[in-house]
Amino acid sequence: MAELNLLYLSRADVERVALDMATIIKLLSEAFKEKGEGRVEMPPKPGVHTQPDAFIHAMPAFIPSLRSAGIKWVSGYPDNYKRGLPYISGLLVLNDVDSGLPYAVMDCTWITAYRTGAASALSARYLARPESETVGILACGVQGRTNLEAMASLFPIKRVYAYDILPEVQRRYVKDMSEKLGLEVIGVDEPRKAVVESDIVVTSGPILKHPTPTIGKDWLKPGAFASAVDFDSYWKPEALSQMDRIATDDHAQFQYYRTVGYFLETPDPYSDLGELVAGVKPGRQSPEERTMAMNLGLALDDMAVAPEIYRRAIERGIGTLLTL
Ligand SMILES: NC(=O)c1ccc[n+]([C@@H]2O[C@H](COP(=O)([O-])OP(=O)(O)OC[C@H]3O[C@@H](n4cnc5c(N)ncnc54)[C@H](O)[C@@H]3O)[C@@H](O)[C@H]2O)c1
């Protein structure tokens with residue numbers, strides 16, 4: 001039998017491929033349409049939990065139209081920054097859809113960062129006002145960066161209000177993101193200032209099972225859209241119940257999280273992102289609605305993007321061939 005190989009892509013290899021945000025959003029859109037039409041196989045993610053508020057999740061998915069099947073094995077450890085380690089780390093395996101054989105293993109840090117921002121922007125395409133031009137970012141970490149980049153690729157963004165509990169992190173964000181995206185990025189000294197003026201708000205702090213939320217009723221202005229990347233950790237129940245529409249990315253996953261103690265005060269989402277993209281459910285219906293995406297992060301997002309990273313790596317000779 002011929003020798004079987006797989007391509008290994010390190011974190012640096014994946015970063016070198018540097019897939020652009022517009023392509024990532026396009027791939028996600030195709031995958032969510034497939035999901036909305038009932039063709040994706042994706043069981044809710046099981047996980048193990050070695051520390052409070054930490055997780056290691058198994059995330060498999062199969063997207064027939066993209067001929068993509070595989071699994072991400074990803075961890076999130078909120079205290080890692082104290083040891084100079086990343087919050088998110090893990091590996092992703094791609095399997096051939098005809099033979100089941102694994103053909104690629106890659107670090108999943110970059111893909112997790114970018115596909116999450118892209119999913120927020122895809123939700124915003126259906127739920128935010130198209131002319132949205134101000135963004136509030138609450139937490140200037142990895143997600144604060146990729147979410148802004150994704151929003152700026154779909155909307156005519158002019159001004160950004162950025163808040164982080166660590167002033168140094170916020171200062172670095174203001175400098176980096178204004179240079180990278182050519183936008184006016186203003187650091188603000190309290191969360192409220194990042195919310196009240198913004199057409200689009202992204203909260204991207206730590207996910208906590210028992211949060212002490214900050215954003216209250218009437219902070220989000222009528223007509224604004226919010227993406228809660230950190231679940232309901234930043235949002236008070238009275239702010240959540242004021243939303244005219246809350247969508248998620250997957251109903252089953254949302255209900256699973258409820259059974260393990262999350263989202264106890266969050267209303268049931270009226271739609272998931274697949275239903276929005278496939279046109280099964282309507283998006284925003286008027287300029288005054290307050291809307292929100294509560295995306296949980298799906299294996300589907302990763303499996304939409306990973307084969308394209310693999311293809312471009314092969315084309316450019318990036319990565320290391322390993323024997324299976
Ligand atoms: N929903 C999804 O699909 C998805 C996917 C990936 C990550 N996440 C979540 O997104 C969050 C951010 O991840 P990341 O990779 O950007 O982490 P990160 O460590 O890079 O950034 C987190 C930032 O939050 C700041 N922060 C902490 N508490 C804060 C507070 N109360 N107010 C403002 N800022 C605060 C920190 O200083 C840090 O800059 C995590 O909770 C992670 O689990 C969600």
Side-chain angles (χ1 to χ4, degrees), residues 21-22 24-25 28-29 113-164 170 173-174 177-178 180-188 190-205 213-235 239-240 242-249 269 271 273 276-277 283-295 297:
M21 190 55 94
I24 300 172
I25 294 172
L28 254 62
S29 179
Y114 277 77
R115 60 65 147 166
T116 309
S120 289
L122 186 60
S123 300
R125 178 183 278 165
Y126 297 90
L127 294 169
R129 282 179 295 115
E131 68 275 21
S132 297
E133 57 180 37
T134 45
V135 179
I137 299 285
L138 293 94
C140 298
V142 171
Q143 288 300 329
R145 287 168 184 256
T146 55
N147 272 262
L148 178 58
E149 190 178 337
M151 293 303 174
S153 82
L154 284 193
F155 293 89
I157 304 302
K158 292 200 173 73
R159 181 177 301 152
V160 181
Y161 299 102
Y163 172 78
D164 197 285
Q170 179 181 304
Y173 181 91
V174 167
M177 298 311 282
S178 53
K180 182 170 189 185
L181 301 176
L183 302 172
E184 182 188 7
V185 185
I186 301 166
V188 294
E190 46 178 292
R192 193 187 171 95
K193 292 182 185 161
V195 178
V196 290
E197 301 273 324
S198 297
D199 298 321
I200 293 176
V201 172
V202 177
T203 56
S204 48
T214 307
I215 299 175
K217 188 166 182 273
D218 293 335
W219 285 31
L220 191 74
K221 66 182 181 184
F225 161 79
S227 178
V229 177
D230 49 8
F231 294 11
D232 56 1
S233 304
Y234 232 113
W235 297 83
L240 292 171
Q242 201 180 21
M243 298 291 168
D244 295 292
R245 287 172 196 276
I246 300 180
T248 185
D249 47 5
S271 177
L273 187 49
L276 288 176
V277 177
R284 166 179 291 276
Q285 292 297 293
S286 87
E288 291 81 37
E289 289 184 350
R290 289 183 176 92
T291 59
M292 175 176 246
M294 189 74 84
N295 291 339

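Since the structure is predicted, the reported quantities are computational estimates derived from the model, not experimental observations.
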Review point. Who passes ring-ring contact (aromatic ring centres under 6.0 Å, His included) against Y173, sequence neighbours left out?
Key: none
If every non-hydrogen atom of [X] is compared with every non-hydrogen atom of [Y], which pair is closest and at what distance?
X	Y	result
R125	I25	NH2-CG2, 4.1 Å
Q143	G117	OE1-N, 3.9 Å
A247	L127	CB-CD1, 3.9 Å
S120	N147	OG-OD1, 2.6 Å
A152	L183	CB-CD1, 4.3 Å
C140	D164	N-OD2, 2.7 Å

Verify, without hydrogens or angle tests, whether [X] (side chain) and [Y] (backbone) share a donor-acceptor contact under 3.5 angstrom.
X	Y	result
R290	L220	yes
T146	A113	yes
S204	A139	yes
E197	V195	no

Of all residues at least two apart in sequence or in a different chain, which pass the side-chain hydrogen bond (donor to acceptor under 3.5 Å, both in side chains) check with [X]?
X	value
R284	T291
D199	R129, T134, K221
Q242	D218
S123	N295

Check your understanding: Quick one: salt bridge (charged side-chain N to carboxylate O under 4.0 Å, His left out) partners of E133, sequence neighbours excluded?
Key -> K158
**Study point:** salt bridge (charged side-chain N to carboxylate O under 4.0 Å, His left out) involving K217 - partner list, sequence neighbours excluded
**Key:**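 None.
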Point to revise | Inter-residue atom distance Y163.OH - T203.OG1, 0.5 Å rounding | key: 13.0 Å
Point to revise | OG on S198 to CG on L138, rounded to 0.5 Å | key: 8.0 Å
Check your understanding: Is M177 close to V160 at the side-chain level, that is, under 4.5 Å between some pair of heavy atoms?
Key ->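 When only atoms from C-beta onward are counted, M177 and V160 do not touch, as no gap falls below 4.5 Å.
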Check your understanding: Can you find a pair of side-chain heavy atoms, one from V202 and one from L148, that are under 4.5 Å apart?
Key -> no
With sequence neighbours excluded, residues passing side chain to side chain contact (heavy atoms under 4.5 Å, CB included) with [X]:
X	answer
A128	A124, S132, F155, I200, F225
L240	D232, W235, T266, P267, M292, M294
Y126	L122, L276, V277
E184	R159, I186

Exercise for review: Any chance you could lay out the side chain to side chain contact (heavy atoms under 4.5 Å, CB included) test for W219 and T214, step after step, and finish with the verdict?
Suggested key: CA-CA 10 Å; W219 285 31; T214 307; 4.1 Å; yes
